[in-house]
Amino acid sequence: MDNGASPKPVHIFPADFAWGVASSAHQVEGGNFNNQWALWEQQGRIKSGDRVGLACDWWRHAEQDFDRAQELGINALRLSLEWSKIEPEEGRWDGGALGRYREMLQALHQRGIRPFVTLHHFTNPLWFEGKGGFAAPESVELFRRFTHQVMASLGDLCSDWTTFNEPNVYVALGYFLGEFPPGRRGRVLQAAMVTRNLCLAHAAAYRTIHSLQSNANVGWAQHFVVFKPRRPDSAIDRWLCGFVDRRFNENFADSILSGRAPFPLNKFGQSLAEVKDTCDYVGINYYSRLRAGIELRSPRTLFFQLTVPPHKPQGDSGIEIPYGEAYPKGLRSAARRFAAFNKPIYILENGVPDREDRIRPWLLGSAMKQMRKLLKEGIDLRGYFHWSLTDNFEWNEGWHLRFGLIELDPSTQMRRPRPSAEVYARIIRESRNGASHGAAT
Ligand code: BGC
């Protein structure tokens, strides 16, 4: 019976839960002309024809956006380091670039924001790409050396590290679908070799970081997609869906969990025992659900097609392909899938392309519901990072897809908060006050 007293606050989210936003160097900094994405852009491969330009101008003014993040109540921010700025030529370290990253990390601490630093978020220096990128065996040692330099220069300012962002996306889009540089299609064996080298480079970085920082928290960010068969009554679509699900969602993760070599190298007796268990947490980037089906008229996408039924909630579509169904329940499928690691879980990215902010407020509220369920089920969830604070340069879609809590006009650098910014701020406030629902329901 209601006795008029206000309900007792229920603290579901741990007090040190990381309420964050995520970003990556090439997408926000500006001034990156020396990596393979700058070349890809010069070659006219950005579908919108856009230029990254100043991006969000973080190289000069990140602090202004850090202020905005602080105003929203955010206590963690994920950013990446641009290798091509730090090591512009092989073996030459740029003290100015490292100095700027020091300033940025200090600025976050001054605002009570915990930095989560990603070492590799899709971009490679041109000199490294010229050697074959991660297809080349020496990539492992070159990445280890880069990590060592980063630790020596910035290690006192950060203890939460993400080695690689989405190795499965890097490989699938770069070596199967040709959507990302180096633009290869259907290269099954090369893709497996690249995955293998990424696993080895990750393990080398994991050990390097731990050798220099005893309290380091090191993991990687795994992209996860919920796949459903396009025609559930078709045996071939069901088979394809299961195949794509295992190959995409478990690529990389499975090697870290079990020490098995990536498919199909494992079928030839190869193993990767040295990478087993090289993580302190599992980072999950989750956005959408897609239907997978065979489509013989689609050689460009290797005879399968990814679609979204029209009646499902969706953000804005990509220029050539749909971005995916906005399906917040998938957060739980993702977290459960990686529960076998028995490690803390961080949602390192979640969001939706939605210029008009039609469904983002709903998505944020639904994501919170799913996280509360996970915590109640005993999943060790430690943080949530929304992608992204402001609109930024969305890879081969350019400025076409807008993910920001804050709208950005790249030509003037003017910013305007979308309603979602306040929704997220309220969710964070309520979680701290112990409210069990509220904005999020
Ligand atoms: C990537 C981000 C990207 C985001 C939105 C993730 O796959 O890590 O760089 O901007 O998705 O598409």
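Atoms within a ligand are numbered from 1 in the order they appear, just like the ligands themselves.
Taking every heavy atom of Tyr323 and a limit of under 4.0 angstrom, the matching atoms of ligand 1 come to 5 (C), 11 (O), 12 (O). Taking a cut-off of under 4.0 Å to the non-hydrogen atoms of Glu166, the atoms of ligand 1 that pass are 1 (C), 6 (C), 7 (O), 8 (O). Those atoms of ligand 1 with a heavy atom of His223 less than 4.0 angstrom away are 7 (O). For ligand 1 and Asn165, the ligand atoms under 4.0 Å from any heavy atom of the residue are 8 (O). Close contacts between ligand 1 and His121 involve ligand atoms 1 (C), 2 (C), 8 (O), 9 (O) [criterion: under 4.0 Å to a heavy atom].
Closest to atom 4 (C) of ligand 1, if we only count protein heavy atoms, is Tyr287 OH, 3.3 Å. Of the protein's heavy atoms, Glu394 OE1, 3.5 Å lies nearest to atom 3 (C) of ligand 1. For atom 6 (C) of ligand 1, the closest non-hydrogen atom of the protein is Glu349 OE1, 3.0 Å.
Aromatic pair Trp37/Phe122: centroids not less than 6.0 angstrom apart. Aromatic ring centres of His120 and Phe128 lie farther apart than the 6.0 Å criterion allows.
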Output a table of donor-acceptor pairs, distance under 3.5 Å, between side-chain atoms of residues 310-319 and any protein atom two or more places apart or on a different chain; print 'none' if there are none.
residue	atom	partner	partner atom	Å
Asp316	OD1	Arg358	NH2	3.0
Asp316	OD2	Arg355	N	2.8

Please report, to 0.1 Å, the donor-acceptor pairs under 3.5 Å made by any side chain of residues 69-76, with sequence neighbours excluded.
residue	atom	partner	partner atom	Å
Gln70	NE2	Arg111	O	3.4
Asn75	OD1	Trp19	N	2.7
Asn75	ND2	Phe17	O	3.1

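For ligand 1, the polar-atom distance check finds no N/O of Ser24 at less than 3.5 Å from any of the ligand's N/O atoms. The shortest N or O to N or O distance between Asn392 and ligand 1 is not below 3.5 Å.
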- Message: Using the rule given for salt bridge (charged side-chain N to carboxylate O under 4.0 Å, His left out), can you reason through Arg429 versus Glu422, listing the C-alpha separation, both sets of side-chain angles and the distance that settles it, and then say yes or no?
- Response: CA-CA 10 Å; Arg429 274 196 310 272; Glu422 180 44 34; 3.0 Å; yes
- Message: What verdict does the salt bridge (charged side-chain N to carboxylate O under 4.0 Å, His left out) test give for Asp357 and Arg402, after you've listed the backbone C-alpha separation in whole Å, the side-chain angles of each residue and the deciding distance to 0.1 Å?
- Response: CA-CA 9 Å; Asp357 218 28; Arg402 302 300 186 106; over 6 Å; no
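In this structure, Trp59 and Tyr101 have perpendicular ring planes: the angle between them is above 60°, well past the 30° mark.
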